[in-house]
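The shown structure was predicted, so the numbers you read here are calculated from the model rather than taken from an experiment. Chain A is the first sequence line, chain B the second, and so forth, proteins listed ahead of strands; every chain is numbered from 1.
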2 protein chains.
Amino acid sequence: MKPVHAAPPTGRATLADIARESGMSRSTVSRALAGNGYVSPVKKQLILATAERLGYRVSTLARALRTQRSMTLGVLVADITNPLFPAIVKGIDEVVSAAGYTLFLCNTDEKSRRQQTLIRSLLDRQVDGLIMVSQTLSAESRKLLFPGPPCVFVNRRPARLSADYIGPDNLQAIALLLGHLHGLGHRRIAFIAGPSHSSTARERKDAYLAQMSRLGCAVPKGYLIEGDYQASSGRRAAERLLNCVPRPSAVLAANDFVALEVINALNAHGLSVPGDISVCGFDDAFGVHFTALASLQAKGLTTVTQPKRELGQAAARAMLMRLDQPQTAVCQTLLPVGLQIRDTSGEPAEMATSG
Amino acid sequence: MKPVHAAPPTGRATLADIARESGMSRSTVSRALAGNGYVSPVKKQLILATAERLGYRVSTLARALRTQRSMTLGVLVADITNPLFPAIVKGIDEVVSAAGYTLFLCNTDEKSRRQQTLIRSLLDRQVDGLIMVSQTLSAESRKLLFPGPPCVFVNRRPARLSADYIGPDNLQAIALLLGHLHGLGHRRIAFIAGPSHSSTARERKDAYLAQMSRLGCAVPKGYLIEGDYQASSGRRAAERLLNCVPRPSAVLAANDFVALEVINALNAHGLSVPGDISVCGFDDAFGVHFTALASLQAKGLTTVTQPKRELGQAAARAMLMRLDQPQTAVCQTLLPVGLQIRDTSGEPAEMATSG
DNA sequence: TTGTAGGCGTTATCAA
DNA sequence: TTGATAACGCCTACAA
């Protein structure tokens with residue numbers, strides 16, 4: 001009786017089961033359960049009751065195959081253990097899960113091979129959209145993505161490509177930092193940039209040069225160093241900065257990890273922070289922790305706070321909007337950042353002694 | 001010519017397209033691409049080339065519907081912004097993504113309603129398995145899960161239920177902490193437990209009572225307090241402990257957040273740590289950060305380190321094993337923890353002054 | 001070794 | 001308002 005060509009059975013009740021039990025057709029049952037199309041109230045009641053009784057659960061898979069909408073989104077992050085990213089992912093999740101989407105979360109580890117593989121896998125899974133958090137898009141990845149489902153970029157944006165983008169206001173961030181240091185009396189301010197493949201890093205570097213010039217501060221040879229966001233690059237940069245003539249009185253680091261390692265290196269050379277040199281970070285990666293750690297008399301790092309959760313929420317909203325109306329103009333949003341002044345920035349040594 | 005009842009077309013090439021282009025049947029194409037079943041080398045070449053030319057990508061959705069295996073896993077965590085969880089998720093991801101699985105990651109926020117909703121949604125998506133990280137299973141969730149796809153529990157385990165479980169060795173953890181404090185001379189040691197619905201919290205509480213008794217230390221009324229893992233419970237607990245007679249000389253907190261807040265409260269009452277009272281945490285939530293922060297002369301919190309990544313990896317391996325062989329005996333693994341002695345634990349005040 | 005012929009569970013079209 | 005029917009894209013038992 002049973003067909004011979006059967007796939008392994010699910011064990012779950014299906015529309016057909018409900019149809020049989022309630023004596024109606026699958027179409028009617030489908031309409032009743034999905035809530036679209038006409039179905040008489042009395043039959044609807046019966047169908048819902050039967051579904052309940054049989055413990056019916058829809059197969060999102062089958063629905064997705066039929067409707068060509070999976071109600072899933074892919075999220076790529078560089079490294080979920082970097083405190084910056086969970087906060088962003090949480091913001092995304094809050095917004096899209098309320099809209100019925102579920103997230104595939106993937107780690108790229110900053111590897112372009114892995115990025116490619118993951119994008120391919122997500123496309124094979126027919127995600128309705130992709131959110132790329134701090135991803136530098138490789139040429140291959142780009143080919144995979146365009147044409148393709150909607151894609152929203154957070155933090156980093158792809159070069160020469162008009163796409164939805166949500167990021168921090170890097171110009172403001174640098175202006176805040178330099179304004180703070182300049183106000184304290186610093187004129188010799190060095191900058192450890194992020195890797196040049198990162199659009200965020202490039203924007204900050206350009207902003208640094210522009211603002212320094214606006215403030216009338218020279219940028220001597222050696223003051224601008226390219227690092228890679230890793231703590232280790234902080235150590236190398238610090239060594240080089242100590243050999244600069246004149247020696248900088250303040251250093252902006254690409255992020256907080258780098259900043260802490262710079263401080264370590266300076267201490268190792270017998271220099272105190274901020275007594276001899278001020279150091280500022282970026283991201284406020286340890287935000288909550290610094291506050292919590294106040295109890296341990298920790299010094300706090302002066303740094304820029306990113307609106308992490310809001311970045312995620314905005315990206316999610318941009319995605320939902322794009323899914324709803326694919327043809328609207330791309331949105332590019334910059335969110336304001338904050339300056340968190342703590343204990344690693346102070347007056348330059350010459351002023352402190354002379355004043 | 002085209003059938004009237006067409007669903008919105010994918011736009012992507014399908015097996016049928018390749019079959020037509022290469023002049024073979026869909027089955028042969030399927031066998032060639034999926035790599036199972038026989039197909040002559042020469043035809044296989046042709047098929048692969050055609051697939052390449054047409055930019056063919058498999059539809060994981062269709063495959064999943066047909067094979068009843070989605071190659072996806074669901075992961076539930078309480079709060080992805082708690083540093084403990086990303087590390088565990090990363091461990092899981094490393095292992096399962098190598099095996100071809102993709103993760104749905106969901107935040108429950110410790111809300112049982114949300115836990116239920118998410119489990120339902122993941123089951124609707126036909127995940128092949130579920131990994132529950134630090135989840136207290138509500139009665140409704142339990143009904144949803146059993147019978148159901150394999151489920152592996154990390155950190156917390158469901159009561160009265162034999163299921164795959166990976167967790168830290170809580171008995172060892174408490175023994176390490178109490179051994180450390182006892183060795184320093186402490187006898188009056190209080191314990192701020194986690195919420196009793198958490199199996200981990202219960203295990204630690206029981207271990208505390210057992211070890212204290214083994215060490216011959218009394219546990220006066222008021223020394224054992226139930227908190228909720230939130231920092232705020234640390235403050236409340238500290239207030240109550242200060243009223244205990246005799247006052248404890250050391251406090252074990254449910255986790256690092258609680259521990260820091262206890263220290264804050266003690267400081268607010270003019271007591272120093274560890275001078276007047278020693279305080280220990282749990283989880284090493286700030287692990288990397290404390291190390292990095294060494295440069296800022298932060299005091300470090302004495303705490304228990306969890307093998308976070310390893311917990312994730314072990315859970316993932318347990319899941320893969322279970323998927324491969326559903327009938328084998330459940331595995332329950334305890335991973336060893338470490339004791340990280342830093343600056344918040346020291347000799348009790350009476351010894352320091354008398355010695 | 002290859003092709004035929006369903007069917008996985010759903011939705012959508014059309015006719016009744 | 002309802003039901004028959006055909007897809008969505010893939011896999012697979014069986015026949016050839």
TODO: Determine the contact category for Ser40(A): base if any of its heavy atoms lies under 4.0 Å from a base atom, sugar-phosphate if only primed atoms, P, OP1 or OP2 are that close, otherwise nothing.
DONE: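 Since only primed, P, OP1 and OP2 atoms lie under 4.0 Å of Ser40(A), the category is sugar-phosphate.
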Open item on the list: Using a 4.0 Å heavy-atom cut-off, does Ser59(B) contact any base of the nucleic acid, only the sugar-phosphate backbone, or nothing at all?
Closed with: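 Since only primed, P, OP1 and OP2 atoms lie under 4.0 Å of Ser59(B), the category is sugar-phosphate.
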TODO: Using side chain to side chain contact (heavy atoms under 4.5 Å, CB included) as the criterion, point out the one residue from Met132(B), Glu110(B), Glu140(B) that pairs with Gln115(B).
DONE: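 Of all the options given, the one that passes is Met132(B).
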Whether the side chain of [X] and the base of [N] hold a donor-acceptor pair under 3.5 Å is what I'd like checked.
{"X": "Arg66(A)", "N": "dT11(C)", "answer": "yes"}
{"X": "Arg26(A)", "N": "dT10(C)", "answer": "yes"}
{"X": "Arg31(A)", "N": "dG3(D)", "answer": "yes"}
{"X": "Ser27(A)", "N": "dA4(D)", "answer": "yes"}

Task: Arg20(A) with Asp17(A): basic N within carboxylate O range, under 4.0 Å - done: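 Here Arg20(A) pairs with Asp17(A) in a salt bridge, since their nearest N and O are under 4.0 Å apart.
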Open item on the list: Is the phosphate of dT4(C) approached by Ser25(B) (side-chain N or O, under 4.0 Å from OP1 or OP2)?
Closed with: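 Answer no for this pair, as no side-chain N or O of Ser25(B) is under 4.0 Å from OP1 or OP2.
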Open item on the list: So, does Tyr38(B) get its side chain near the phosphate of dT12(D), meaning an N or O under 4.0 Å from OP1 or OP2?
Closed with: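 Looking at the OP1 and OP2 atoms of dT12(D), neither is under 4.0 Å from any side-chain N or O of Tyr38(B).
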Open item on the list: Under 3.5 Å, is there a donor on one side chain and an acceptor on the other for Ser199(A) and Arg157(A)?
Closed with: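 Short answer, no.
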Task: Pair Thr72(B), Arg125(B): side-chain N/O donor-acceptor within cut-off below 3.5 Å - done: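 Distance-only check fails for Thr72(B) and Arg125(B).
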Open item on the list: Counting neighbours of CZ on Arg113(A) that are heavy atoms of other residues, nucleotides or ligands and sit closer than 6.0 Å, is the number greater than 12?
Closed with: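 Not buried by this count: 12 neighbours or fewer within 6.0 Å.
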TODO: Please tell me which of Ser30(B) and Pro41(A) maps to the more 5' nucleotide of DNA chain D, matching each residue to the nucleotide holding its nearest heavy atom.
DONE: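 Nearer the 5' end of the strand: Pro41(A).
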Task: Out of dG9(C), dC11(D), dT11(C), whichever nucleotide has its closest atom nearest the side chain of Gln68(B) - done: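 For Gln68(B), the side-chain atoms sit closest to dG9(C).
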Open item on the list: The side chain of Thr28(A) is closest to which nucleotide in this list: dT11(C), dG3(D), dC8(C)?
Closed with: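 Minimum distance to the Thr28(A) side chain belongs to dG3(D).
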Open item on the list: Using C1' atoms of five pairs at each end, report the bend of the helix from dT1(C)-dA16(D) to dA16(C)-dT1(D) rounded to 10 degrees.
Closed with: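 Helix axis angle between the two ends: 40°.
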Task: Residue whose nearest DNA chain C nucleotide is more 5′ - Val39(B) or Ala62(B) - done: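 Residue closer to the 5' terminus by nearest nucleotide: Val39(B).
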